[in-house]
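Chain A is the first sequence line, chain B the second, and so forth, proteins listed ahead of strands; every chain is numbered from 1.
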Amino acid sequence: MSQTKQPITTTINQIHQHIDQFVRLQGWIYSKRSSGKIQFLQLRDGSGVIQCVVVKSEVPLEVFSTSEDVAQESAVIVDGIVRKDSRSSLGYEINVQDLIHVSNAPDYPVTHKEHGIDFLLDHRHLWIRTPRQRAILKVRAEVLRAMSNYLDQNGFTRVDPPILTPTAAEGTTELFHIQYFDEEAYLTQSGQMYMEAAAMAMGKVYSMGPTFRAERSKTRRHLIEFWMIEPEMAYFTHEDNLNLQESFLSAVVQQVLEHCEVELTLLGRDLDRLRAVQPPFPRMSYDEAVLWLQKQGRDIQWGEDFGAPDETELANQFDRPVFIQRYPTKVKAFYMQPDPERPEVALCADLLAPEGYGEIVGGSERIHDYTLMQERFSDYNLPNEAYAWYLDLRKYGSVPHSGFGIGLERTVAWICGLEHVREAAAFPRLLYRLYP
RNA sequence: UCCUCGAUAGCUCAGCGGUAGAGCAUCCGGCUGUUAACCGGAGGGUCGUAGGUUCGAAUCCUACUCGGGGAGCCA
């Protein structure tokens, strides 16, 4: 026996560096199969899953009886020798010498059989232990890392806008009202206006953080709380904005492909569809889109916004995301810059992801003229006092500027090929679901 | 808010007018190479709630509650 020798504490993803060595792994039982005098414990430790073999004739009696006691999600520490073995799906397995039962998990609810979504969401705190959910969370982390990398390397400064705000950014969507001492406040639905202020201070800025919309939306594309990444750039035109977006998103997808191939494969993603995400992205004007949709037999008139099925049909023509640009000014937010040559359309674009994932980015050039912005305030009945600071940005050294917001969960859902955005958040907030 | 589907064992479901079922999970037993292991046995349910029709309701009707999918709105 090797009791006198100290095991090397390591993790499953490092196990290939320890062939034939005596190691210690700390984790949980993922599943177990037994065959009388031999037990196969599938151990997970957060970095991976490995098969640990306990042979009755090779270990002390109490070690074998411990291996009989442990069940799914029991916490255990395993000491054993790393063996190369083609019978194991990882290619390696642990020949167990000692097994410490840290704690048990009686009647663990999330079994490896099928479960309904209601049950899984009620047990989200346990559901995230499964390989598929872990892979999604890994990809989400990589998406955020890739976004920071790209922006940091391209002269952007991260600025964090407030979560508690005195006013609405868009004026259209439903907000969460909260008590802010003696006055009313709202949870942010976008940091954009603050990012415009920051862009005038730093040139190029971005934010990443949660936003909240109290809309009674219940579809595979909606969360009540979701993350947005919002870059805002001084002296950027509408064209500059689109060029940045396609370069940014392509870089993000390619970095995720490079670092998360294992996870994407586990999720069953078609990697070729992601490899196709390279600039330039197709660009379609709103005018063209309406004509095209009418030709497809859809009931839409110039001046109306697109519905979800319209967006899906538009996006399905292409193998990469498509920009739909220059929407009617009237259906878009008050701060968007009208096209100087055609004031009835705005210098804005939505980026539609392929495969029916819908709008993942919305961006525009912002109004920088003080008088025009003031007109918009009265047109939209916005209270001048609450937005005085925003108007100030047009008063003191105003410049043309542009920005966009990208929805993190929709982007992750698209990259992972998920059925629903709820799996792209560790603890999704959904309509009528605030638990766990 | 509207449309639509659903609620039966811990989980996933079958049963659709005549005494409540299966697989998995759990517990007991067997198996030295299992891959959602397998084989034998056991325990486990006022069929979402309330009312109605009927000799008789999990099953038919009404209302309510909770949930899924979608629309609108949006990222």
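Note: CD1 (A:Ile117) to P (B:rG6) measures 19 Å, nearest angstrom. Between A:Phe306 atom CZ and B:rA71 atom C1' the separation is 18 Å, expressed in whole Å. Rounded to whole Å, the distance from CG on A:Leu431 to C1' on B:rC74 is 14 Å. When rounded to the nearest whole Å, the span between CG of A:Asp118 and C1' of B:rG69 equals 14 Å. The distance from atom CD1 of A:Ile360 to atom P of B:rA75 is 13 Å, rounded to the nearest whole Å. Nucleotide B:rC66 holds its P atom 11 Å from the NZ atom of A:Lys218, rounded to whole Å. Distance CD (A:Glu230) to P (B:rC74): 16 Å, rounded to an integer number of Å.
Pairing for B:rA42 is with B:rU26, a Watson-Crick or G-U wobble pair whose two hydrogen-bonding atom distances lie under 3.5 Å. Base pairing analysis places B:rC74 opposite nothing; no Watson-Crick or G-U wobble pair with both distances below 3.5 Å involves it. Base pairing of B:rU62 is made with B:rA50, judged by Watson-Crick or G-U wobble geometry with both donor-acceptor distances under 3.5 Å. The pairing partner recorded for B:rU32 is none, the criterion being a Watson-Crick or G-U wobble arrangement whose two distances lie under 3.5 angstrom.
Heavy atoms of A:Phe119 sit under 4.0 angstrom from primed sugar atoms or phosphate atoms, though from no base atom. At a threshold of 4.0 angstrom between heavy atoms, the contacts of A:Glu93 include nucleobase atoms, whether or not backbone atoms are also involved. Within the 4.0 angstrom heavy-atom criterion, only backbone atoms of the sugar-phosphate kind lie near A:Val361; the bases stay farther away. Residue-level contact check: A:Ala308 touches the backbone only, with heavy atoms under 4.0 Å from sugar-phosphate atoms and none from bases. Using a 4.0 Å heavy-atom criterion, one finds that A:Asp350 contacts no nucleic acid atom at all.
A:Arg216 contributes no side-chain N or O that forms a donor-acceptor pair with the base of B:rC2 under 3.5 Å.
Of the options A:Arg220, A:Arg221, A:His222, A:Glu409, a side chain to side chain contact (heavy atoms under 4.5 Å, CB included) to A:His420 is made by A:Arg220 and by none of the others. Considering A:Tyr327, A:Phe323, A:Trp292 in turn, A:Tyr327 is the only one that fulfils the ring-ring contact (aromatic ring centres under 6.0 Å, His included) rule with A:Tyr286.
Here A:Tyr432 does not count as stacked on B:rG67, because the ring centres are not under 5.5 angstrom apart with planes under 30°.
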Base versus backbone protein contacts along nucleotides 35-40 of chain B [heavy-atom cut-off under 4.0 Å; B, S, -]:
BBB---
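Rounded to whole Å, the separation between the P atoms of B:rG56 and B:rG15 comes to 26 Å.
Note that CE of A:Met336 and NE2 of A:His238 are 10.5 Å apart. Values are rounded to the nearest 0.5 Å.
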